[in-house]
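See below for the structure under consideration.
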Amino acid sequence: MDIENDDALIGIGKTHRVMIWDGQQEREKELHWGLPSRDPDIFQIPLLKSETAIIDRPCLVLANKFGLVKRGHTVYSASLMEEPFMCIAATWRPGGKDWPDSFAALTVPAYDDLAAHKDRHVAVVPPDDLFNWLMGTRPPLDILRPFPKGSFKITPPIQQNFDELLGAA
């Protein structure tokens, strides 16, 4: 996943409100987007492959859409059909003296609707499984199954200014 070119990832390094399970109920928590890295060449880890990640503290990132930007142009944005919002699967870690409480979003192989644009993208939790995800009542990879074709509305790019429109004419 190309972090610099993914507009779903613009908020990396910033604080975001996510949903966690506190043992009795869901609650909001402000977390830094990006887990600390042990590799001196990598400052933080914003994304983890769902197939290999340790998901012992699941959380949810609320979103209206996610998408892809290449060379400054939006290639697409995707939103879940017939749902006002979606939840991106993530895992979080408590902070320490050198790093705040933080999370990393999880990625999955591209769903059918998005495969033409990317090979991987952020994992979306099915609406019926939000509490299963937070509470860890089922295996994560069982919950992060692919969505059927036609589940996502793919929106083409929006022209950023009139110069681009005039140049295309």
Side-chain angles (χ1 to χ4, degrees), residues 1-21 26-35 45-51 53 55 57-92 102-162 164-165 168:
M1 186 168 246
D2 189 355
I3 293 170
E4 294 81 28
N5 294 325
D6 196 329
D7 69 357
L9 307 176
I10 287 175
I12 291 171
K14 297 180 180 174
T15 300
H16 293 273
R17 191 172 301 165
V18 301
M19 297 300 295
I20 66 164
W21 187 257
E26 78 280 2
R27 70 176 175 95
E28 292 182 12
K29 187 170 180 73
E30 294 280 332
L31 299 176
H32 173 87
W33 188 349
L35 298 175
I45 303 166
L47 301 170
L48 295 170
K49 281 187 172 184
S50 60
E51 302 90 337
I55 307 169
R57 290 182 186 90
C59 64
L60 294 168
V61 181
L62 276 63
N64 291 328
K65 61 185 175 180
F66 65 91
L68 176 69
V69 173
K70 283 191 177 179
R71 294 182 207 103
H73 297 291
T74 300
V75 175
Y76 76 90
S77 67
S79 56
L80 200 52
M81 295 286 274
E82 309 201 13
E83 297 291 336
F85 65 92
M86 66 180 109
C87 291
I88 296 170
T91 186
W92 72 280
S102 57
F103 73 94
L106 299 172
T107 65
V108 293
Y111 305 136
D112 286 345
D113 292 337
L114 304 162
H117 303 290
K118 297 186 93 169
D119 60 341
R120 294 188 73 82
H121 53 71
V122 292
V124 177
V125 176
D128 293 343
D129 278 326
L130 298 179
F131 283 101
N132 290 326
W133 178 260
L134 284 177
M135 296 170 64
T137 58
R138 294 197 359 245
L141 295 181
D142 181 40
I143 294 172
L144 299 180
R145 63 194 179 280
F147 280 79
K149 191 162 185 69
S151 296
F152 286 87
K153 176 182 176 186
I154 309 299
T155 304
I158 298 169
Q159 296 294 332
Q160 300 298 316
N161 61 45
F162 289 114
E164 290 178 10
L165 283 173

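For clarity, every value in this text was computed on a predicted model and none was experimentally measured. Along the sequence shown, the residues carry numbers beginning at 1. For the numbers below, each heavy atom of this structure counts, side chains included, while hydrogens, waters and symmetry mates do not.
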Euclidean distance, [Y] [atom2] relative to [X] [atom1], rounded to 0.5 Å:
X    : Y    : atom1 : atom2 : value
L47  : W33  : CG    : CH2   : 6.5 Å
F103 : L48  : CZ    : CG    : 11.0 Å
C59  : W92  : SG    : CH2   : 8.5 Å
I45  : L35  : CD1   : CG    : 6.0 Å
D129 : T137 : CG    : OG1   : 7.5 Å
K29  : R57  : NZ    : CZ    : 10.5 Å

Under a 4.5 Å cut-off applied to non-hydrogen side-chain atoms, are [X] and [Y] in contact?
X    : Y    : result
H117 : I154 : yes
K49  : L106 : no
H16  : K14  : yes
S151 : D113 : yes
R27  : I20  : yes
W133 : L144 : yes
P126 : F147 : yes

From the list V125, I55, L130, side-chain contact (heavy atoms from CB on, under 4.5 Å) with I143 holds only for V125

Please report the closest heavy-atom contact between G34 and S102, naming both atoms and the distance.
O-CB, 3.3 Å

Residue pair H121, T107: steps toward the side-chain contact (heavy atoms from CB on, under 4.5 Å) verdict
CA-CA 5 Å; H121 53 71; T107 65; over 6 Å; no

So, the side chain of Y111 versus the backbone of V124: is there a donor-acceptor pair under 3.5 Å, distance only?
yes

Enumerate, atom names and distances included, each donor-acceptor pair closer than 3.5 Å involving a side-chain atom of residues 79-87, sequence neighbours excluded.
none

Apply side-chain contact (heavy atoms from CB on, under 4.5 Å) to M19 and L62, showing your working.
CA-CA 8 Å; M19 297 300 295; L62 276 63; 3.7 Å; yes

